[in-house]
Protein chains: 2
Amino acid sequence: MKIGELAKRGGLTAHTLRFYEKKQLLVPQKSALNQYRDYTADDLATAQFIKRCKASGFSLEDTAALLQIKDAKDAHTCAEAKSITLAKRADLQAKITELQQMVATLDELAERCCGGAESAEFCSIIADLESRFEECNHDAHH
Amino acid sequence: MKIGELAKRGGLTAHTLRFYEKKQLLVPQKSALNQYRDYTADDLATAQFIKRCKASGFSLEDTAALLQIKDAKDAHTCAEAKSITLAKRADLQAKITELQQMVATLDELAERCCGGAESAEFCSIIADLESRFEECNHDAHH
DNA sequence: CTTGACCTTAGAGTATACTCTAGGGTTTAT
DNA sequence: ATAAACCCTAGAGTATACTCTAAGGTCAAG
């Protein structure tokens, strides 16, 4: 099938497919006749594999590694696949923890602020951002 | 003080300070003598304000808005500051939820895989990535 | 007076994952 | 036969937040 059909069936764009090809994730045959890309049913499956990887939080680089395993299963091990999966899990969990700390900080900021139409002269959010860490720095001197 | 001293005192690099200047976040005076940037104690406070914004999860664009409030408090309201804060909180919370769903998916993938030195021929991670959503698509046809 | 440390600018490079454009060729349907 | 719809390539643009480079000017110490 041509790129437009794969795009439609796979739920992505022709641009994205060409991008994945440039990244060596999904390299189709080319028609000898007109140099149009010629995708197979397997290529569609690969496109869906890539989408699932993305939905699972894998980067394109991770995805490339997973594709290599998929495309040469007996040259790879479960350990490799699980290692990639657990490493990504750890990455995401660290990111979550970082974001949760930010949310906690934002909650503190928001809770103390009236949020009204008053001038920001005495706004606690601005005041906190101006001074909170100064205090920390003072502490750090002791 | 010159850029190097502010960088050291503020815990960032001279490159970053010039970048913030280009973004209009922190624009110091320039010495008439040699065109060197000349930062004041207030500029240092502003640099720290920016760092705290960053640590709280604000983008540089948010930070620019918060700086405008800080630098002209009586021209702005608590409502503005709180709105920025709550919007960012919502952004981050949405991101956290997305990442948590990915972690849950990765946990499912990892749990079912032996992770051993066996060939990936029957690796459940690869198999799941190959087929999971196909099943979903089948469901979607009904 | 020279050497090293510091400063300047403009602009390019990094990372991730696309997204789009320009300029041109091909296919399909009427 | 012609117009719409599709395909091609190469490369630039988007977003965020830096990070670094090149080529040169300035400053402080010995």
Side-chain angles (χ1 to χ4, degrees), chain A residues 1-39 43 47 49-67 84 87-88 91-92 94-95 98-99 102, chain B residues 1-39 43 47 49-67 84 87-88 91-92 94-95 98-99 102:
Chain A
M1 70 193 95
K2 289 187 287 184
I3 197 168
E5 188 179 347
L6 190 84
K8 190 173 296 178
R9 294 224 262 161
L12 22 64
T13 72
H15 282 306
T16 300
L17 287 168
R18 291 190 199 99
F19 173 73
Y20 287 164
E21 182 177 341
K22 193 157 60 183
K23 293 283 175 176
Q24 306 282 317
L25 295 182
L26 177 49
V27 181
Q29 294 294 311
K30 291 247 192 157
S31 154
L33 186 63
N34 55 16
Q35 291 298 298
Y36 282 14
R37 290 169 179 81
D38 187 11
Y39 293 91
D43 289 330
F49 185 98
I50 294 169
K51 283 191 77 180
R52 281 163 226 148
C53 287
K54 181 186 166 114
S56 306
F58 291 113
S59 66
L60 290 188
E61 191 182 345
D62 298 326
T63 299
L66 291 167
L67 279 170
I84 294 169
K88 181 55 53 176
D91 279 1
L92 296 187
K95 186 73 184 165
E98 186 190 348
L99 293 178
M102 288 173 174
Chain B
M1 71 194 94
K2 288 186 288 185
I3 197 169
E5 189 180 346
L6 191 84
K8 191 173 296 178
R9 293 224 261 160
L12 21 64
T13 72
H15 281 308
T16 300
L17 286 169
R18 290 192 199 97
F19 174 72
Y20 286 164
E21 181 178 341
K22 193 157 61 183
K23 292 284 177 175
Q24 306 282 317
L25 294 183
L26 177 49
V27 182
Q29 293 296 307
K30 291 248 193 156
S31 154
L33 187 63
N34 54 16
Q35 291 297 299
Y36 282 16
R37 290 170 179 81
D38 187 12
Y39 294 91
D43 289 330
F49 185 97
I50 294 169
K51 281 191 79 180
R52 281 163 225 146
C53 288
K54 182 187 164 111
S56 306
F58 291 113
S59 67
L60 291 190
E61 190 181 347
D62 297 326
T63 298
L66 291 167
L67 279 171
I84 293 169
K88 181 55 54 175
D91 278 0
L92 296 188
K95 186 70 184 168
E98 186 189 347
L99 293 179
M102 288 173 175

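Quick note on labels: first sequence line is chain A, next is B, and so on, each numbered from 1.
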* To do: Run the salt-bridge test on Lys23(B) and Glu61(B) with the 4.0 Å N-O cut-off and return the result as yes or no.
  => no
* Salt bridge flag under 4.0 Å for residues Lys88(B) and Asp62(B) -> yes
Rounded distance (Å) that lies between atom [atom2] of [N] and atom [atom1] of [X]:
X: Tyr39(A); N: dC6(D); atom1: OH; atom2: P; value: 16 Å
X: Lys30(B); N: dT9(C); atom1: NZ; atom2: C1'; value: 8 Å
X: Gln35(B); N: dC6(C); atom1: CD; atom2: C1'; value: 16 Å
X: Ile3(B); N: dT9(C); atom1: CD1; atom2: P; value: 8 Å
X: Leu6(B); N: dT8(C); atom1: CG; atom2: P; value: 12 Å
X: Asp38(A); N: dC8(D); atom1: CG; atom2: P; value: 10 Å
X: Lys8(B); N: dA5(C); atom1: NZ; atom2: P; value: 12 Å
X: Glu21(B); N: dC7(C); atom1: CD; atom2: C1'; value: 13 Å

Looking only at non-hydrogen atoms, find the nearest pair between [X] and [Y] and report the distance.
X: Ile3(B); Y: Ala14(B); value: CD1-O, 3.5 Å
X: Val27(A); Y: Glu21(A); value: CG2-O, 4.1 Å
X: Met1(A); Y: Leu6(A); value: SD-CD1, 3.7 Å
X: Ser31(B); Y: Asp38(B); value: N-CB, 4.3 Å
X: Leu92(A); Y: Ser56(A); value: CD1-O, 4.3 Å
X: Thr13(A); Y: Ala7(A); value: C-CB, 3.8 Å

* Asked: Would one find a side-chain N or O of Arg37(A) under 4.0 angstrom from OP1 or OP2 of dC8(D)?
  -> yes
Atom pairs, protein N/O to nucleotides 18-20 of chain D N/O, distance under 3.5 Å:
{"unit_1": "dC18(D)", "atom_1": "OP1", "unit_2": "Lys54(B)", "atom_2": "NZ", "d": "2.7"}
{"unit_1": "dC18(D)", "atom_1": "OP2", "unit_2": "Tyr20(B)", "atom_2": "OH", "d": "3.0"}

* To do: Applying side chain to side chain contact (heavy atoms under 4.5 Å, CB included) between Cys53(A) and each of Leu60(A), Leu67(A), Leu66(A), report the one that passes.
  => Leu66(A)
* Structure fact -> Per nearest nucleotide of DNA chain D, the residue lying toward the 5' end, Ser59(B) or Arg18(A), is Arg18(A)
Quick test: give all pairs of protein nitrogen or oxygen and nucleotides 27-30 of chain C nitrogen or oxygen below 3.5 Å, distance rounded to 0.1 Å.
{"unit_1": "dT27(C)", "atom_1": "OP1", "unit_2": "Asn34(A)", "atom_2": "ND2", "d": "2.7"}

